[in-house]
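In this chain, residues are counted from 1 in sequence order.
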Amino acid sequence: MKKYLLNIGVILFDRIAMLIFQIWMASYYVQTLGISNYGQWSYTLNIITIIISIFIFGIDVLIIKDIVNDKNKTGEYLYSGIVIQLVGFILVTVTTLIFFYDSNIVIQYSMFSILIANLFIILAKPFYWNYSALVESKYRTISIIVSFVIFIPITIVYLKMIDSKEYILFVYSIYYFIQYIISWFVNKFLFKSTAIFMMNRNKLKEYSKVGLSLILSTLSVMIFTQTDVLMIKYFIGNAATGEFSAATRLSTSIFIIAGILANTFYPKIIKLNNDDKLKFIKIAITTVSLICIVGSLVTVLIAPYLTNMLYGDHENISLVLSWHIWCSLFIFSGAFTSRYLYANELYKVEIVKTVLAAIVNIGLNLYTIPTFGVIGAVWSSFIAYMIANYFFLYIFKESRILFNIQTKSYFLMLNPTKYIKELKDIKCLFQL
């Protein structure tokens with residue numbers, strides 16, 4: 001248990017560093033380019049993210065699972081995975097260039113910066129897949145922290161050298177280039193990886209097959225999470241898009257922690273028997289739900305001061321953040337139930353629930369955005385997350401047990417004594 005908690009600690013440390021970077025970048029973009037141009041950056045980022053979900057298969061959990069089950073073939077799993085991802089990136093690049101052909105200068109610079117950044121994000125994935133499987137995320141944290149230390153002076157020099165404000169958009173890609181270089185050195189000389197890259201044609205076929213089957217799920221997740229920005233731009237305009245994106249940049253930076261926490265425990269979830277998996281999922285959901293409630297209340301209190309300090313006087317940004325942060329309640333619980341579905345190879349349930357979430361979100365947005373503005377998009381997201389990550393689980397026989405466990409988790413928050421007892425019992429699972 002100590003190893004997993006230490007792993008979470010170092011992950012949270014690097015998430016804080018990433019959060020600072022993302023908040024600084026969003027704030028700097030808004031104040032330098034203006035809220036409308038920031039809206040164009042966010043629009044471009046959202047479109048490319050959706051394109052990525054089509055061509056870059058979401059096979060991360062499959063690779064991590066294989067490494068957990070057979071460390072001796074780590075190099076084969078990593079190489080097979082990265083080949084698939086790089087082929088996907090080529091298709092992403094071609095599609096993006098066609099889509100944004102003849103766009104304005106802000107969108108073009110945004111496009112190139114985002115594509116360059118994603119190339120280096122993909123190249124660094126094998127390092128992070130391996131760290132996640134071995135519960136050694138401290139090496140990822142070291143990479144990120146050192147990257148920031150180097151990034152800061154380089155960025156200061158770069159910002160002094162550029163003669164056009166649009167060039168600041170490339171700060172995003174500069175960071176991920178530096179992070180890849182540092183990650184390579186850490187993996188090579190500090191982690192001292194012994195994995196030898198080799199092609200495994202069977203795994204290449206398996207990852208491709210499962211990846212293709214998960215496209216609908218991955219695409220639905222991206223549409224679900226990115227469509228708000230696209231619909232706000234369509235119904236209201238660039239300024240509203242910028243306000244919504246600036247606010248959700250803060251909340252989604254927190255939401256990313258949900259996946260990181262779930263991934264940290266995923267290797268252990270794979271090894272547990274089904275009854276123990278459910279015991280762990282129950283206490284995990286109770287714990288993260290308590291944290292989300294407290295964190296959301298704190299966010300509501302500080303939102304006006306925080307957003308004014310970062311973005312200036314934009315009242316809608318504070319309002320969106322105060323409401324959007326409550327989506328964390330179902331995002332964090334959903335991260336753990338999804339890992340259970342993946343561990344038990346219940347891909348069909350995961351696919352259908354994410355498709356449903358996208359449909360519900362888009363359907364509600366068609367009414368809420370024109371009627372209530374940007375805050376309507378937040379309400380749509382909350383309802384969609386609640387339906388997909390909670391109520392939907394009751395529909396399928398295979399996932400109904402998760403609905404029952406999640407319900408018990410919420411009620412467990414009302415019984416502190418029982419919660420503490422069950423939390424202590426979980427330690428036994430990590431001694432097996």
How far apart are the C-alpha atoms of Leu159 and Tyr28, what are their side-chain angles, what is the distance that settles it, and do they pass the side-chain contact (heavy atoms from CB on, under 4.5 Å) test? CA-CA 11 Å; Leu159 292 176; Tyr28 190 75; 3.9 Å; yes

Are any of the side-chain nitrogens in Asp275 or Lys279 under 4.0 Å away from the carboxylate oxygens of its partner? no

Check this for me: does any side-chain nitrogen of one of Lys203 and Glu206 sit under 4.0 Å from a carboxylate oxygen of the other? yes

Hey, would you say the [X] and [Y] ring centroids sit under 6.0 Å apart?
X      : Y      : value
Tyr176 : Phe120 : no
Tyr175 : Phe148 : yes
Phe170 : Phe112 : no
Phe191 : Phe127 : no

Within the distance-only criterion (no hydrogens, no angle test), does the side chain of [X] pair as donor or acceptor with the backbone N or O of [Y] below 3.5 angstrom?
X      : Y      : answer
Ser251 : Ile325 : no
Tyr158 : Tyr167 : yes
Ser113 : Tyr109 : no
Asn69  : Lys65  : yes
Ser296 : Ile293 : no
Glu166 : Val106 : no

Nearest-0.5 Å distance that lies between atom [atom1] in [X] and atom [atom2] in [Y]:
X      : Y      : atom1 : atom2 : answer
Phe280 : Tyr340 : CZ    : OH    : 14.0 Å
Leu364 : Ile369 : CG    : CD1   : 10.0 Å
Thr307 : Leu321 : OG1   : CG    : 7.0 Å
Ile254 : His324 : CD1   : NE2   : 12.5 Å
Leu346 : Phe396 : CG    : CZ    : 10.0 Å
Ile359 : Ile387 : CD1   : CD1   : 11.5 Å

Would Lys353 count as a cation-pi partner of Phe392, with NZ or CZ less than 6.0 Å from the six-membered ring centre and within 45° of the ring normal?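 No; the conditions do not both hold, so Lys353 does not lie above the ring face of Phe392.
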
Would you check if [X] and [Y] make a side-chain contact, meaning some heavy-atom pair closer than 4.5 Å?
X      : Y      : answer
Asn365 : Tyr234 : no
Leu366 : Met231 : yes
Leu45  : Thr49  : yes
Ile50  : Leu230 : yes
Leu310 : Ile317 : no
Asn202 : Tyr207 : no
Ser409 : Ile405 : yes
Tyr390 : Thr407 : yes

Can you give me the closest heavy-atom contact between [X] and [Y], atom names plus distance?
X      : Y      : answer
Leu393 : Ser399 : O-OG, 2.7 Å
Asn273 : Asp276 : OD1-N, 2.9 Å
Ala388 : Ala357 : CB-CB, 3.4 Å
Leu123 : Ile82  : CA-CD1, 4.3 Å
Leu33  : Asn37  : O-ND2, 3.0 Å

Pair [X], [Y]: side-chain N/O donor-acceptor within cut-off below 3.5 Å:
X      : Y      : value
Gln406 : Ser333 : yes
Ser110 : Thr44  : no
Ser381 : Asp228 : yes
Asn46  : Lys233 : no
Thr287 : Tyr419 : yes
Ser143 : Gln179 : no
Tyr266 : Asp60  : no
Ser147 : Tyr180 : no

More than 12 heavy atoms of other groups within 6.0 Å of [X] [atom1]:
X      : atom1 : result
Met199 : CE    : yes
Trp323 : CH2   : no
Tyr394 : OH    : no
Phe177 : CZ    : no
Leu212 : CG    : yes
Phe189 : CZ    : yes

What orientation do [X] and [Y] show, parallel under 30°, tilted 30 to 60°, or perpendicular over 60°?
X      : Y      : value
Tyr131 : Tyr128 : tilted
Phe336 : Phe265 : tilted
Tyr79  : Phe197 : tilted

Derivation and outcome, side-chain contact (heavy atoms from CB on, under 4.5 Å), residues Trp129 and Tyr77: CA-CA 10 Å; Trp129 288 334; Tyr77 304 143; over 6 Å; no

Taking it one step at a time, do Tyr385 and Phe330 satisfy ring pair (Phe, Tyr, Trp, His ring centres under 6.0 Å)? CA-CA 6 Å; Tyr385 278 122; Phe330 296 106; 8.4 Å; no

Sequence neighbours excluded, the answer for side chain to side chain contact (heavy atoms under 4.5 Å, CB included) partners of Met25 is Phe21, Tyr29, Trp41, Tyr172

For Ser322, give me all partners under side chain to side chain contact (heavy atoms under 4.5 Å, CB included), at least two apart in sequence or on another chain. Val300, Ala303, Ser318

side-chain hydrogen bond (donor to acceptor under 3.5 Å, both in side chains) partners of residues 80-99, not counting sequence neighbours, each pair once: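 Listed once each, the pairs are Gln85-Lys125.
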
Start with the C-alpha gap between Phe403 and Ile395, add the side-chain angles, then the distance that decides, and say whether side-chain contact (heavy atoms from CB on, under 4.5 Å) holds. CA-CA 9 Å; Phe403 173 83; Ile395 296 176; over 6 Å; no

Between Leu250 and Thr299, is the side-chain contact (heavy atoms from CB on, under 4.5 Å) condition met? List the steps. CA-CA 10 Å; Leu250 299 174; Thr299 301; over 6 Å; no

